[in-house]
Every structure is written in structure tokens, then in C-alpha cells.
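Note that the coordinates shown come from a computational prediction; the quantities given were computed from them, not determined experimentally.
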Amino acid sequence: MWRNPLALAVTLPALIVIIIGSTIAGAEETHKHTPTVKVIRDPALGDDAVARMENVIGQSIFERIWVSAPSSTEAADGLGPMFNARSCVACHPGGARGSVLNKDGSLGPSLLVRFGHKLTGAPDPIYGNQLQTDAARGVPADGKFSVDYALLETKLGDGTVVELRRPVVTLTGLADGPLAADTVTGLRLAPAIHGMGPLDSIPAELITAAADPDDQDANGISGRVNWIDEQAGTFGRFGWKAVQATMEAQNAHAFLADMGLSTPLFPDAYGECTVRQTICRAAPSGASSQFEDLEVSSTLMKVLDRYVGESVLPNGPAQSASAETIAKGRALFAEAGCGSCHKTSYDIVWPAGAAKTRHIAPYTDLLLHDMGDGLAEQVIEGEALGAEWRTAPLWGLRWAVAGEGDASLLHDGRARNLLEAILWHGGEALSARDQVAALSADDRQALISFLSSL
């Protein structure tokens with residue numbers, strides 16, 4: 001039974017401030033994006049009133065427009081001093097995956113540039129791990145970037161020619177001079193947030209047991225774990241290169257790197273500002289004693305994590321393909337060996353403490369795989385080398401490829417549709433890619449129809 005929200009608010013006083021702060025700060029929003037889809041709270045979850053209220057308040061934090069310090073609303077300030085976006089929703093519209101371009105054709109905040117030493121992955125000594133394209137008043141942003149595309153063609157088995165595009169990044173207006181000579185760059189596109197709670201609940205032993213770094217079974221697939229602390233058994237399962245061990249760490253790191261906001265896990269109020277960026281380091285901080293000397297307190301992170309963890313996508317648009325066609329595509333997916341990395345399903349206990357297991361079908365093994373030169377970049381993250389990427393979950397593709405305009409698939413949004421995404425696969429996935437390229441037009445469409453139904 002739903003209880004009086006005011007009664008619940010007595011136990012959550014700081015969260016009421018957040019809702020008010022969101023309203024005040026909303027006037028500063030500059031990025032407008034109408035998403036095709038919005039995530040919803042998982043309908044299978046219980047109807048507990050407190051849980052539902054925390055989810056709603058978590059959504060308000062996800063959608064809040066943060067402002068730079070000092071501000072009249074302490075609960076909503078601390079943005080930056082340098083940042084890429086003013087809100088979570090700016091990069092993940094409606095909680096869905098980002099797109100490369102805004103509706104006016106300009107680059108959107110969902111796409112960002114990563115830095116790393118080409119041999120070690122260490123941050124650039126001046127610009128850190130990420131190009132910050134915006135900043136608080138009086139603080140110079142790192143710089144700007146643009147993306148062009150090198151075009152190439154590939155021919156399928158039936159003679160169809162497909163044009164692929166590889167992004168080429170140009171940095172401009174770097175505020176503190178050029179990058180270090182050994183710093184390399186990579187692009188990252190914001191993924192959707194749905195399903196992160198269940199993915200966080202997949203038993204670690206199921207993931208590590210599937211790893212075969214030396215390809216001992218000689219099947220050409222050698223997925224491996226991105227260990228954070230192998231002795232402690234801690235490994236990454238979130239991020240394009242599986243660098244964050246938990247959903248909570250992934251969320252907190254996004255606050256740090258994308259918005260310059262401090263959290264219990266990442267308490268530096270200056271975000272990605274390096275010690276050599278003295279103007280940035282001298283700017284006001286939003287850390288407040290009433291919020292644990294942080295800009296995003298543990299109370300706020302708790303409800304934000306709840307919102308993200310409970311988010312799922314609604315049912316997708318009606319399928320134009322027949323059930324028979326989708327079933328045929330599912331069989332072709334298996335025959336091509338796609339399931340070797342895109343593991344279909346798991347049985348998990350979620351949410352924690354649930355009385356029975358739950359069946360999920362994310363289509364990922366959460367392991368790193370060498371995807372070949374076509375998708376390689378030079379940035380190293382943790383133990384993940386340039387050509388290695390975590391197997392992307394496929395659930396939600398029904399929304400990623402729906403609606404008007406091109407899709408923005410793969411880690412940098414280069415693929416405009418599912419076929420392009422498949423044709424970029426190489427390395428361990430080359431055999432599967434070649435089998436798809438050899439399909440007849442009808443079989444190829446059946447496979448695409450199946451993927452579009454996930």
C-alpha cells in the first residue's frame with residue numbers, strides 16, 4: 001500500500017532538497033534531446049512504498065542539471081570545474097544509449113575522447129584520462145574535438161557492397177598545449193543504463209569460468225577477465241573495456257570523469273583536473289560539510305544507484321518480421337558462433353535476497369575479447385589492450401535500432417546499422433563475421449530481424 005510521501009520524507013530529508021535543487025537548476029539546461037525511449041522501473045520488482053520513492057528520487061538525481069560552485073543551492077552545485085555534461089540524462093537520454101549527433105548535426109555530449117599512454121594507459125600528464133570540453137566560468141576547458149570519417153567498402157558473399165566508416169578524431173584549442181608525445185586517443189559513446197542491476201548480480205564464478213585466455217579448447221575464442229585485483233578476485237564487468245567492478249563504481253566514476261563531481265568512491269572534488277591545471281585546481285569546490293564533504297553524498301548515491309539498478313527498457317516497437325523469420329535468425333546466430341561471446345542467458349538471484357532465481361538474457365559473457373585491427377585503438381584501460389573490448393550486451397537492440405535516423409552502434413558510434421556493426425568484427429570474431437558476410441540476402445535479413453527483436 002502506498003504511504004504518504006510526506007511521512008516518508010521525514011526519514012529522507014536530504015533527498016527532498018535534491019528535488020527542489022533539480023527544479024532550480026533546470027533553468028540552466030542547454031542540451032535538449034527528445035529520446036526515442038525512456039527506461040522504466042522493472043515491473044517485476046515489489047510494490048514497497050519506500051523503494052518506489054527512492055527510485056523516483058534517484059531518477060530526479062539522474063535528470064538533475066548540476067551547476068558550478070558556489071551556488072545558492074548546495075545540494076545541486078559542484079559541477080566541474082571541468083566537465084563534459086551537466087547531467088546524467090544529457091549523455092544517456094531517457095536512460096537509453098547516447099547518439100553521436102544532436103538533432104542539429106552537432107556532436108552530442110554522449111561522445112567523448114579518452115586519453116592514455118600508448119604503452120601503459122597512464123593518463124596524459126596535463127589532460128588526464130579524458131578531454132573535458134566545458135568548464136565553469138573563469139576556468140579554461142581542455143579543448144574541443146571534431147570527428148570525420150574515413151570510408152571503406154566491403155563486399156558480401158552475394159556481391160552486395162557495404163560502405164563502412166572509421167572515425168578520425170581531431171583535437172582543437174587545447175588550453176595547455178599539445179598532448180604528451182606518447183598519449184593516444186580513443187572515442188567512447190555513452191551506453192544505455194538498463195539491466196545494470198542484473199548484470200551486477202551474475203555470479204563471479206560464472207564469468208571467470210567462461211574465460212579461456214590461452215584458448216585451451218582451440219575454438220579461436222580466448223576471452224579473458226580484466227582483473228582489478230586478481231588476488232582479491234576483483235575484476236571489471238562494466239564499461240566498454242570492463243574497467244569498473246560494480247555498478248556503483250561505474251556510476252560514481254561517471255560523476256567524477258564526466259561531471260567533475262565527488263562521491264564516496266571518488267572523493268576528488270576537482271574531477272579530471274590534473275595538478276598541472278592550476279586554474280582548475282584553484283576554482284571553488286562544491287564539497288559541503290552537510291553532505292559528508294562531498295558533492296554527491298552517500299545518501300544521494302544510494303538512491304541514484306537504486307534507480308539505475310532497477311531500470312529496464314519497456315517493450316519494444318512491434319516487430320515487422322514474422323515469428324518464423326526471427327526463429328530462423330536465432331538459429332543463424334547460433335550457427336555462426338556468435339553465442340561464443342554473446343552468451344545468451346544466466347540464472348541469477350536479483351534483487352539481492354530474492355527468494356528464487358531469475359532468468360535473464362543479456363547476450364554477453366562480460367569478458368574481454370580481441371576484436372581485431374578494425375576496431376582497435378591504442379588506449380589501454382586496466383589490462384585491456386587496444387584491440388580488446390568487453391562483449392557488449394545485446395539486449396535492448398530493439399530500441400537502439402528503432403526510430404528515425406542512423407543508429408549509433410559500437411563503442412564509438414561508427415556503425416549506422418546492425419550489419420555495419422557485424423562487419424567491423426574481427427580478431428576472435430572474424431570467423432563469425434565471415435559466416436554472416438557469406439549469407440544470402442534472405443538469411444542475412446533474418447539474422448538482422450532476430451537481433452532487432454532483442
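Atom CE of Met301 is separated from atom OG of Ser298 by 9.5 Å, given to the nearest 0.5 angstrom. Put simply, CG on Leu101 and OG on Ser408 are 7.0 Å apart, with the number rounded to the nearest 0.5 Å. Within the model, atoms CG of Asp373 and CG of Leu430 stand 10.5 Å from one another, a figure rounded to the nearest 0.5 Å. Atom CG of Asp142 is separated from atom CG of Asp176 by 7.5 Å, given to the nearest 0.5 angstrom. The distance from atom CZ of Phe115 to atom CG of Asn129, rounded to the nearest 0.5 Å, is 9.5 Å. Here the SG atom belonging to Cys338 is positioned 8.5 Å from the CG atom belonging to Leu394, to the nearest 0.5 angstrom.
Here Asp47 pairs with Arg52 in a salt bridge; the nearest charged N to carboxylate O distance falls below 4.0 Å. In this structure, Arg224 pairs ionically with Glu388, as a charged nitrogen and a carboxylate oxygen lie closer than 4.0 Å. Here Glu377 does not pair with Lys118 in a salt bridge; the nearest charged N to carboxylate O distance is not below 4.0 Å. Using a 4.0 Å cut-off between a side-chain N of Lys or Arg and a carboxylate O of Asp or Glu, Asp134 and Lys144 do not qualify as a salt bridge. Between Arg188 and Glu381, at least one side-chain nitrogen of the basic residue sits less than 4.0 Å from a carboxylate oxygen of the acidic one, meeting the salt-bridge criterion. A salt bridge links Lys302 with Glu54: at least one charged nitrogen is closer than 4.0 Å to a carboxylate oxygen.
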For Ile221 and Cys341: C-alpha separation, side-chain torsions, deciding distance, then whether side-chain contact (heavy atoms from CB on, under 4.5 Å) applies. CA-CA 8 Å; Ile221 308 297; Cys341 300; 3.9 Å; yes
Might you work through the side chain to side chain donor-acceptor pair (under 3.5 Å) test for Arg433 and Thr154, ending with a clear yes or no? CA-CA 12 Å; Arg433 179 262 183 215; Thr154 186; 3.1 Å; yes
Decide salt bridge (charged side-chain N to carboxylate O under 4.0 Å, His left out) for Arg114 and Asp412; before the verdict, give the C-alpha distance in whole Å, the side-chain angles of both, and the deciding distance to 0.1 Å. CA-CA 11 Å; Arg114 297 285 293 169; Asp412 51 17; over 6 Å; no
Tell me, with the steps shown, if Gln130 and Asn84 meet side-chain contact (heavy atoms from CB on, under 4.5 Å). CA-CA 9 Å; Gln130 191 163 306; Asn84 293 96; 2.9 Å; yes
Stepwise side chain to side chain donor-acceptor pair (under 3.5 Å) test for Asp365 and Thr391: CA-CA 6 Å; Asp365 60 8; Thr391 304; 2.8 Å; yes
Using the salt bridge (charged side-chain N to carboxylate O under 4.0 Å, His left out) rule, take Arg281 and Asp268 through it: C-alpha gap first, then chi angles, then the decisive distance, then the call. CA-CA 11 Å; Arg281 284 278 165 180; Asp268 189 345; 2.8 Å; yes
Would you sort out whether Leu179 and Tyr127 count as a side-chain contact (heavy atoms from CB on, under 4.5 Å), showing the intermediate values? CA-CA 7 Å; Leu179 300 174; Tyr127 298 101; 3.5 Å; yes
Kindly indicate, with the supporting measurements, whether the criterion side-chain contact (heavy atoms from CB on, under 4.5 Å) is fulfilled by Arg390 and Asn226. CA-CA 9 Å; Arg390 183 200 68 160; Asn226 193 353; over 6 Å; no
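Using a 4.5 Å heavy-atom cutoff, the side chains of Pro264 and Leu294 are in contact. Looking at Ser262 and Tyr270, their side chains never come closer than 4.5 Å, going by heavy atoms from C-beta outward. Between Leu187 and Val169, some side-chain heavy-atom pair lies under the 4.5 Å cut-off. Looking at Phe62 and His92, their side chains come closer than 4.5 Å, going by heavy atoms from C-beta outward. The closest side-chain heavy-atom distance from Val39 to Val312 is not below 4.5 Å. When side chains are defined from C-beta on, Ile207 counts as touching Leu367, because their heavy atoms get closer than 4.5 Å. Looking at Leu256 and Thr263, their side chains never come closer than 4.5 Å, going by heavy atoms from C-beta outward. Side-chain contact between Phe255 and Leu304: present, with at least one pair of heavy atoms (C-beta onward) separated by less than 4.5 Å.
The closest donor-acceptor contact from the side chain of Trp399 to the backbone of Arg97 lies at 3.5 Å or more, if one exists at all.
Under 3.5 Å, the side chains of Ser289 and Asp293 contain no donor-acceptor pair of N or O atoms. If you check the side chains of Asp124 and Thr183, you find a donor sitting under 3.5 Å from an acceptor. Under 3.5 Å, the side chains of Glu428 and Ser222 contain a donor-acceptor pair of N or O atoms.
Exactly one residue among Asp406, Leu164, Leu409 makes a side chain to side chain contact (heavy atoms under 4.5 Å, CB included) with Glu420. That residue is Leu164.
By the salt bridge (charged side-chain N to carboxylate O under 4.0 Å, His left out) test, Glu310 is found to be paired with Arg41, Arg306, residues two or more places apart in sequence or in another chain being considered. Residues meeting the side chain to side chain donor-acceptor pair (under 3.5 Å) test with Thr208, sequence neighbours left out: none. Residues satisfying the side chain to side chain donor-acceptor pair (under 3.5 Å) criterion with Asp305, sequence neighbours excluded, are Asn251. Phe266 is linked by a ring pair (Phe, Tyr, Trp, His ring centres under 6.0 Å) to His253, counting only residues two or more places apart in sequence or in another chain. Cys273 pairs by the disulfide bond (SG atoms under 2.5 Å apart) definition with Cys280, not counting sequence neighbours.
For Arg414 and Trp424, the positive end sits near the middle of the six-membered ring, less than 6.0 Å away and at most 45° from its axis.
Nearest heavy-atom pair across Ser110 and Ala90 is OG-O, 3.9 Å. When all heavy atoms of Cys91 and Ala85 are compared, the pair lying nearest together is SG-CB, 3.6 Å. The two residues Gly316 and Arg398 come nearest to each other via the heavy atoms N-NE, 3.2 Å. The nearest pair of heavy atoms linking Gly138 to Ile279 is O-CG2, 3.6 Å. Contact record, Leu418 with Ser452: CD1-OG, 3.4 Å, taken as the closest heavy-atom pair. Scanning all heavy atoms of the two residues, the minimum distance from His425 to Ala421 falls at ND1-O, 2.8 Å.
Counting non-hydrogen atoms of neighbouring residues, nucleotides and ligands closer than 6.0 angstrom, the CG atom of Asp229 exceeds 12 such neighbours. Surrounding CG of Asn315 are at most 12 heavy atoms belonging to other residues, nucleotides or ligands under 6.0 Å away.
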Identify all side-chain donor-acceptor contacts of residues 193-205 below 3.5 Å with residues at least two apart in sequence or on another chain.
| residue | atom | partner | partner atom | Å |
| --- | --- | --- | --- | --- |
| His194 | NE2 | Trp395 | O | 3.0 |
| Asp200 | OD2 | Met247 | N | 3.4 |
| Ser201 | OG | Gly197 | O | 3.2 |

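Residues Trp389 and His411 place their aromatic rings such that the two centres sit under 6.0 Å apart.
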